[in-house]
Amino acid sequence: MSETKPPAKMLLNPSRYNEGVSSSILIVEDEAELAQVLRDYLERAGYVVHSVHDGVSAVSHFQHKPSDLVLLDLNLPGMDGLDVSRQLRRHSDVPIIMVTARVEETDRLVGLEIGADDYIVKPFSPREVVARVRAVLRRAQGKPSAPRVLRAADVEVDLERHRVFIRDREAHLTPTEFSLLAALVEQPGRAFTRLQLLAAAQGEAYEGYERTIDAHIKNLRAKIEPDPKDPSYILTVFGVGYRFTDEN
Ligand code: CA
């Protein structure tokens with residue numbers, strides 16, 4: 001292969017670096033072979049690459065070790081690319097390049113406004129991916145980060161300052177309660193399963209531990225509900241889990 005030793009350093013835009021530290025890329029791709037090819041190309045282009053095979057691991061990995069860019073496959077087993085994207089967007093405006101298997105899906109993605117920065121359709125050449133990564137990173141550099149405040153009903157979740165206000169009264173939440181509430185408030189009316197909420201709250205979720213969510217919800221209600229016994233914000237969806245009210 002003529003590609004084995006490209007002049008990696010020369011491909012890079014030096015201005016992208018902070019004191020010589022390479023940008024890091026998180027690859028989320030369940031096809032192991034494809035993930036490996038991407039990793040090889042990106043590493044040769046000078047990036048630090050981490051790779052995970054499913055959505056839950058992606059969210060968990062990112063929370064512990066934020067990357068400079070995420071290359072995210074849309075069709076993943078379990079939590080799909082859209083869910084991963086939403087989770088990441090709650091706490092970060094990291095550039096996301098969505099990878100889809102079908103051209104038709106790109107229209108759907110744009111319509112959903114999930115906040116991906118670019119799309120790549122399979123099959124693609126790894127070199128095209130490297131070029132897109134470079135372009136998106138360059139663009140992201142000059143972009144000021146938007147204020148991130150979520151609002152629904154009378155509840156305001158300030159992601160930057162990590163504070164919660166209920167009708168202008170501040171509620172003091174634990175980090176787990178904060179993440180839970182942010183997930184719920186971001187999508188009022190959406191019924192979340194306990195497993196989804198566990199993933200949202202802790203970045204990882206194990207079957208069998210879903211019920212721990214009930215305890216967190218109980219504490220959260222005690223802190224934010226006018227009447228915790230008759231909740232008006234965090235509603236129980238019987239047989240499913242919980243949702244935030246979509247009434248204003
Ligand atoms: Ca896939």
Side-chain angles (χ1 to χ4, degrees), residues 1 3 23-45 47-137 139-140 183 186-187 190-207 210:
M1 235 168 47
E3 293 284 329
S23 299
S24 59
I25 317 280
L26 177 61
I27 298 174
V28 189
E29 172 62 67
D30 58 312
E31 292 167 51
E33 218 170 293
L34 179 56
Q36 189 57 49
V37 171
L38 287 172
R39 172 189 272 270
D40 289 347
Y41 269 80
L42 289 165
E43 281 179 348
R44 269 187 257 156
Y47 297 106
V48 174
V49 181
H50 298 280
S51 154
V52 294
H53 305 301
D54 64 83
V56 171
S57 315
V59 174
S60 167
H61 181 97
F62 191 85
Q63 280 182 351
H64 295 107
K65 202 170 169 39
S67 314
D68 297 313
L69 183 143
V70 180
L71 199 55
L72 179 58
D73 185 24
L74 176 65
N75 294 303
L76 295 165
M79 184 193 251
D80 74 6
L82 293 179
D83 282 328
V84 173
S85 180
R86 282 190 200 102
Q87 297 274 353
L88 297 180
R89 277 283 171 267
R90 294 213 335 269
H91 301 289
S92 164
D93 43 23
V94 62
I96 297 174
I97 299 180
M98 199 63 108
V99 179
T100 81
R102 300 204 321 253
V103 181
E104 308 89 76
E105 280 175 340
T106 57
D107 291 341
R108 204 179 111 229
L109 290 174
V110 172
L112 283 170
E113 294 179 44
I114 38 120
D117 296 81
D118 203 355
Y119 308 94
I120 298 176
V121 180
K122 292 178 183 178
F124 47 73
S125 81
R127 258 180 297 184
E128 181 195 350
V129 175
V130 173
R132 296 283 194 96
V133 163
R134 196 177 301 129
V136 169
L137 278 172
R139 230 187 300 148
E186 188 176 36
Q187 296 181 70
R190 174 181 167 180
F192 287 88
T193 65
R194 290 178 174 81
L195 202 59
Q196 285 167 335
L197 289 174
L198 202 57
Q202 300 178 343
E204 53 194 10
Y206 302 100
E207 309 256 358
E210 292 97 321

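Just so you know, ligand 1 is whichever comes first in the structure, and atom 1 is the first atom listed for that ligand.
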Quiz item: Out of curiosity, Q196 CD to R190 CZ, how far, rounded to the nearest 0.5 Å?
Solution: 4.5 Å
Quiz item: Taking atom CG of L72 and atom CG of L82, what is their separation to the nearest 0.5 Å?
Solution: 8.5 Å
Quiz item: In this structure, which one of L71, D118, I27 forms a side-chain contact (heavy atoms from CB on, under 4.5 Å) with V99?
Solution: L71
Exercise. Just give me the atom name: the N, O or S atom of D73 closest to the Ca ion (ligand 1).
Key: OD2
Quiz item: If you check every N/O/S atom of D30, which is the one nearest the Ca ion (ligand 1)?
Solution: OD1
Quiz item: Hey, is there an N, O or S on E31 sitting under 3.0 Å from the Ca ion (ligand 1)?
Solution: no
Practice problem: Test side-chain hydrogen bond (donor to acceptor under 3.5 Å, both in side chains) on D83 and Q87 and set out the steps. | Solution: CA-CA 6 Å; D83 282 328; Q87 297 274 353; over 6 Å; no
